[in-house]
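Some notes on the structure that comes next.
Note on naming: letters A, B, ... go to the chains in the order of the sequence lines (proteins, then strands), and numbering restarts at 1 for each one.
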There are 2 protein chains.
Amino acid sequence: MSDQDIAVLSVATARTRTVPARHDLILEGDVPGPVFVMLEGWACRYKILPEGGRQIMAFLMPGDTCDIQTGSLEVMYHSIKTLTPARIATISPREMHELLENRTPIALALIRTQLVDEATLRAWIVSMGRRDSLARVAHLMCELFIRARNVGLVEDGELELPISQIVIADSLGLTPVHVNRVFRTLRKENAMRVDVGSLVITDPARLAVLAGFDDAYLHRRVIRTVASQ
Amino acid sequence: MSDQDIAVLSVATARTRTVPARHDLILEGDVPGPVFVMLEGWACRYKILPEGGRQIMAFLMPGDTCDIQTGSLEVMYHSIKTLTPARIATISPREMHELLENRTPIALALIRTQLVDEATLRAWIVSMGRRDSLARVAHLMCELFIRARNVGLVEDGELELPISQIVIADSLGLTPVHVNRVFRTLRKENAMRVDVGSLVITDPARLAVLAGFDDAYLHRRVIRTVASQ
DNA sequence: CGACGCGTTGATCAATTTCAATAAACGTGG
DNA sequence: CCACGTTTATTGAAATTGATCAACGCGTCG
């Protein structure tokens with residue numbers, strides 16, 4: 001992207017706002033509005049099923065964008081909720097349209113970030129389909145560690161996730177009680193520390209072994225996204 | 001897209017080739033080459049795990065495109081294999097680059113198809129995480145029915161899938177044995193017929209009920225893709 | 001003809017869920 | 001600052017879904 005593209009992007013994301021934890025940014029059934037760019041904090045995409053269960057489909061951390069839907073899908077098929085207090089930038093549909101129409105490099109960057117997102121979704125499907133609960137949890141921990149490291153969230157080789165075990169359960173298709181038992185194992189392996197409302201990854205290498213983690217899928221992935229430019 | 005855009009696309013996809021069933025179009029670890037566009041036949045994205053299990057992450061049918069990776073991801077994290085004899089068009093990386101750089105409407109169309117693909121991947125995650133085996137199979141049947149109908153593959157209200165139960169099992173994270181038992185139920189419900197190497201969806205409405213199918217997620221989805229233009 | 005892949009069924013096994021109960025941490029209003 | 005309601009973590013025991021193991025029939029293809 002040219003300096004000018006970056007400048008335009010900076011202007012578009014200049015308007016930020018803060019939202020509290022557990023706040024829905026958009027709900028299933030809503031017509032997609034502005035594009036959100038996470039600047040601080042964590043959020044997730046999720047869907048509530050008729051029987052009451054919740055399935056989380058993605059975690060959003062700083063640098064991630066949500067809802068490029070603009071003009072494409074009529075309504076949201078899932079909701080997005082903050083997991084922590086967050087600061088987000090919003091780009092109006094009009095601005096977004098203008099950006100995509102007249103700034104080819106930005107459109108191409110968006111295509112690349114979508115490819116990365118798709119790769120992540122596919123990796124989740126592999127985990128949910130063919131990995132047992134231990135490998136599943138460990139694999140997710142690895143993914144989050146690497147993504148977080150790419151945006152500078154890892155300190156002293158450790159990552160603190162401001163996330164409850166319930167959230168992990170809802171993202172892996174497991175039960176909170178079972179996730180708890182898995183974390184007990186991971187703790188015994190000295191791979192993690194577990195506190196209320198917070199998980200600390202202390203030994204990602206150990207986790208990678210337990211997960212059978214193919215670091216190729218994220219290690220070499222495109223690090224910079226539209227938002228982090 | 002303008003007439004000219006469509007003309008350029010037609011030229012780019014004019015060169016077609018046929019491949020037999022069970023033929024790998026690209027393997028995990030390969031450097032992405034040309035973009036494939038399915039014109040006839042079925043294929044799937046899949047990954048083989050160290051322990052030998054296979055997980056299918058997507059079904060590709062006429063109109064779908066594979067591997068826009070060009071210039072973005074260094075290597076493939078999964079493979080793509082034909083399930084039936086197929087005819088495909090290929091667009092060279094050079095052509096693709098040219099298309100994306102100079103044909104904004106085409107790039108925007110690509111963004112939209114990626115959004116649809118992402119929505120499908122998320123729906124799979126929901127199924128794998130929170131639906132039992134019966135709803136899972138039924139939901140997949142609904143998805144395939146609607147996608148196939150959108151590209152004119154449904155005849156007399158029925159869809160014949162040239163797919164084995166093993167393939168279904170590998171896409172849903174189930175066992176072939178168990179999938180077989182589920183199909184027995186679906187057959188009893190008169191929702192499907194089952195032959196060797198072929199599944200026939202006869203009553204999609206019944207399937208939708210069994211699946212708790214939220215037809216919003218695909219019903220209103222963007223039907224036309226880059227390829228079907 | 002024979003090997004192989006696929007569908008089918010039965011019997012048993014095991015991973016994960018469900019149910020239940022307790023305790024610790026947190027936020028809120030008084 | 002405390003009481004109380006709520007959320008989360010934790011553990012045990014029982015129940016269940018789906019996996020695993022095993023066997024057989026059948027059609028296809030070389």
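Rounding to the nearest 0.5 angstrom, the gap separating the CZ atom in B:Arg130 from the CG atom in A:Leu49 is 8.0 Å.
Using modelled atom types, one side-chain atom of B:Asp132 and one backbone atom of B:Ala135 make a donor-acceptor pair closer than 3.5 Å.
Atom-to-atom, CZ of A:Arg131 to C1' of D:dA19 comes out at 19 Å; the value is rounded to the nearest Å. Atom pair A:Leu174:CG and C:dT18:C1' shows a separation of 14 Å (rounding to whole Å applied). Rounded to whole angstrom, the span from the CG atom of B:Asp132 across to the P atom of D:dA19 amounts to 12 Å. Remark: C1' of C:dT16 and CG of A:Leu172 are 13 Å apart, rounded to the nearest angstrom. Here the C1' atom of nucleotide C:dA15 and the CZ atom of A:Arg130 are 15 Å apart, to the nearest Å. Taking atom CE of A:Met128 as the reference point, atom P of C:dT16 lies 12 Å away to the nearest angstrom.
When the ring pair (Phe, Tyr, Trp, His ring centres under 6.0 Å) test is applied to A:Phe145, no partner is found at least two apart in sequence or on another chain. Evaluation of the side chain to side chain donor-acceptor pair (under 3.5 Å) rule for A:Ser171 yields no partner, not counting sequence neighbours. In this structure, the salt bridge (charged side-chain N to carboxylate O under 4.0 Å, His left out) partners of A:Arg193, at least two apart in sequence or on a different chain, are A:Glu158. Remark: B:Thr84 pairs with no residue by the side chain to side chain donor-acceptor pair (under 3.5 Å) rule, at least two apart or across chains.
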Protein-proximity profile, nucleotides 6-15 of chain D, B/S/- by nucleotide at the 4.0 Å heavy-atom cutoff, equals -SSSBBBB--
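Of the N and O atoms on the side chains of B:Glu160 and B:Ser198, at least one donor lies less than 3.5 Å from an acceptor on the other residue.
Contacts of B:Gly173 with the nucleic acid, taken as non-hydrogen atoms under 4.0 Å apart, involve only primed sugar atoms and P, OP1 or OP2. A:Ser133 comes within 4.0 angstrom of sugar-phosphate atoms only, judged by non-hydrogen atoms across all strands, and of no base.
In this pair, A:Phe59 and A:Trp42 present their aromatic rings perpendicular. The plane angle is above 60°, beyond the 30 to 60° band.
Terminal axes of the helix from C:dC1-D:dG30 to C:dG30-D:dC1 (five pairs each, C1' rotation axis) are separated by 50°, to the nearest 10°.
Using a 4.5 Å heavy-atom threshold, the side chains of B:Met192 and B:Leu199 count as touching.
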